[in-house]
Participant: 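After the structure tokens below, expect a handful of questions from me.
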Amino acid sequence: MTDPHQILHDVFGFSSFRGVQGDVVDRVMAGRNTLAVMPTGAGKSLCYQLPAVAKQGTCIVISPLIALMQDQVRSATENGMKAASLTSLSDDWRKVQDDFVRGDLDLLYVAPERATTDGFGRLLEQARISLFAIDEAHCVSEWGHDFRPDYRLLRPLLDHFGAPRLALTATADKRTRADILTQLGIEEEGLIVAGFDRPNIRYHVVPRSGLPSQLKRLAKAHEGAGIVYCPSRAQADRVAEQLRETGRTSGAYHAGLDKPVRQANQEAFVASEDMVMAATIAFGMGIDKPDVRFIAHAGVPKSIEAYYQETGRAGRDGEPAEAWLFWGAEDFARARQRIETETEEGRRHEERARLNAMAAFVEAATCRRAILLKHFGEDPPEICGNCDNCIDPPPTIDVTVVAQKLLSAAFRTEMRFGVGHLADVLAGKETEKVISNGHNHLSVFGIAEDEELALIKPVARSLLARDALRADSYGGLSFGPAAKPILIGGEKLVIAVPPKRKAAKRTAADYPHDPGFEALRAWRRDIATEQGVPPYVVFHDSTLRAVAATRPTTLAMLSQIEGVGDKKLEKYGSSLLKAVEDIDANTPA
Ligand code: ADP
Ligand code: ZN
């Protein structure tokens, strides 16, 4: 079997290539070196797995994480490919090596440290190699965010064997891409970059107001698996606890937990269809779970890149998924403080720019996706139709005057007081603190109208985010560089009118309750338990939904559905048909 389309259908169960997959596979089949930059969820693994099946010999896959390898081997095997890995955890070294030498492996996964040993080189001499696939290729570059020195030692191995090489990564800016090409010896024309858009992810950005209830509402609205990223370990523990109160299965993951606990929580998450993980950003790298239905951030991530990567873990299966960012002005205040005190001088400028980009994103009243894609150098349409601001465009309001009043109040009170006190001064309230500081005699005392007072908090949030105000560790507000232009420079401040209604209602319609699908999920759970694999390894949600919708009655009909390849048809086909029959039997006509 060497026709790529045939293999796509028979082995993977897909009717067509997605995005640039076809181009990448074409190049690889033609024996040319390639660097594929494809966002998470775009289907990178198929780009080397399919040629690995089509070509004679074994595809050597260099991959940085053992956990990831095991997952890949399992999924590949499930699709009927002959796959194995050589790692410190493998207990079948002898057999794997024999299989390889006999030409009995499509895929052999190995870490860069092992790939570059003499012993491994000698092993490779003994059989035919179809392809080198270098996964997470940004690790080869010092510019990438995850440099792994061993990747730098791969070049001689690649040159020696001369099989075509395919490097893959989801995150590489221009400089990193150029570096990967040089380091791995790939011609410039071999670069293929897929679009960064993840159309199935719906972005929402809302100010925090009662975070526990916001998160609980979110967890109730979404049945599937989710991750809540928390800024601290303590908060991750707390959030896990709060989510449990809603009846959801939840766990925590952060570096403060003992390794076995962490490991167990991670495994439970991967295996489950509905667990919510409250985690620090330590969680997620190397977790290849396609059916994560929502990602929430309890605080502002440190950059758009980080935000994009973390939210990218939602909906890798292409099904609808959501990203929720809950932000507060304190996040920016804290981050700015950290930059000024802890970051080395030379990096501060860059870090400030990162934070400002993040601030512009959360503050925006325009399409979120457009902002993200522009950030990555794309030229997207102005309206995506699948983010909070597109679905429900927020009215904007010119708050320049309120901002000027707030800035004046901060200035007149010597830039030491928090927003609550400043609001009291502007409102003309004679509190003890106001009187004792003599603030009732200031020119700004009582100058704000009632409707302006209601806007002080969102205005303060906006001024903090854009670095017009800075908060000290007691919340005392002083001017940042962006204050003067607003106070005296004629610059306007326009914000989205703060939302009154609360998070996450719309979703019930997006995930209609489908008893057929639920029944098939139950069937899948049984199979998965029996086989000791996560449910998505058996079939993806999208496949089960399609089965529930079309109710196939024969194996031939079943084989037409996306995600049903020959191997799975043989293995699960009749059992699944039986499950379909049972839905009908149990559903009143
Ligand atoms: P990546 O490694 O790029 O994040 P994966 O290789 O894990 O992505 O694939 C993401 C998901 O897309 C997987 O669930 C995979 O089965 C699915 N997929 C890949 N290629 C196709 C295709 N051509 N048609 C439909 N689904 C696909
Ligand atoms: Zn949009």
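Keep in mind that this is a model prediction, so the values were computed, not measured. The analysis underlying the following values was restricted to heavy atoms, covering all of them including side chains, and did not include hydrogens, waters or symmetry mates. Indexing begins at 1, ligand by ligand and atom by atom, following the structure's order.
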Participant: Consider every N or O of R316 and every N or O of ligand 1, then say whether any pair is closer than 3.5 Å.
Facilitator: yes
Participant: Which residue owns the protein heavy atom closest to atom 17 (C) of ligand 1, what's the atom, and how far is it?
Facilitator: R18 NH2, 3.7 Å
Participant: Are any of the N/O atoms in L46 less than 3.5 Å from those in ligand 1?
Facilitator: no
Participant: If you measure only the distance, is there a donor-acceptor pair under 3.5 Å linking the side chains of E562 and S15?
Facilitator: yes
Participant: Evaluating non-hydrogen atoms only, which member of S542, A42, S16, G312 is closest to atom 23 (N) of ligand 1?
Facilitator: S16
Participant: Answer side chain, backbone, both or neither: which part of A170 comes under 4.0 Å from ligand 1, heavy atoms only.
Facilitator: neither
Participant: Considering non-hydrogen atoms of the protein only, which is the closest contact for atom 14 (O) of ligand 1, and what is the distance?
Facilitator: H540 CE1, 2.4 Å
Participant: Is a salt bridge present between E378 and R369, judged by a nitrogen-to-oxygen distance below 4.0 Å?
Facilitator: no
Participant: Below the 3.5 angstrom mark, is there an N/O of D317, backbone or side chain, next to an N/O of ligand 1?
Facilitator: no
Participant: To the nearest 0.1 Å, how far is atom 22 (C) of ligand 1 from its closest protein heavy atom, and which atom is that?
Facilitator: F14 CD1, 3.4 Å
Participant: For the residue pair F361 and Y307, categorise the inter-ring angle as parallel (less than 30°), tilted (30 to 60°) or perpendicular (more than 60°).
Facilitator: tilted
Participant: Which one holds for Q21 and ligand 1: side chain close, backbone close, both close, or neither close, with close meaning a heavy atom under 4.0 Å?
Facilitator: side chain
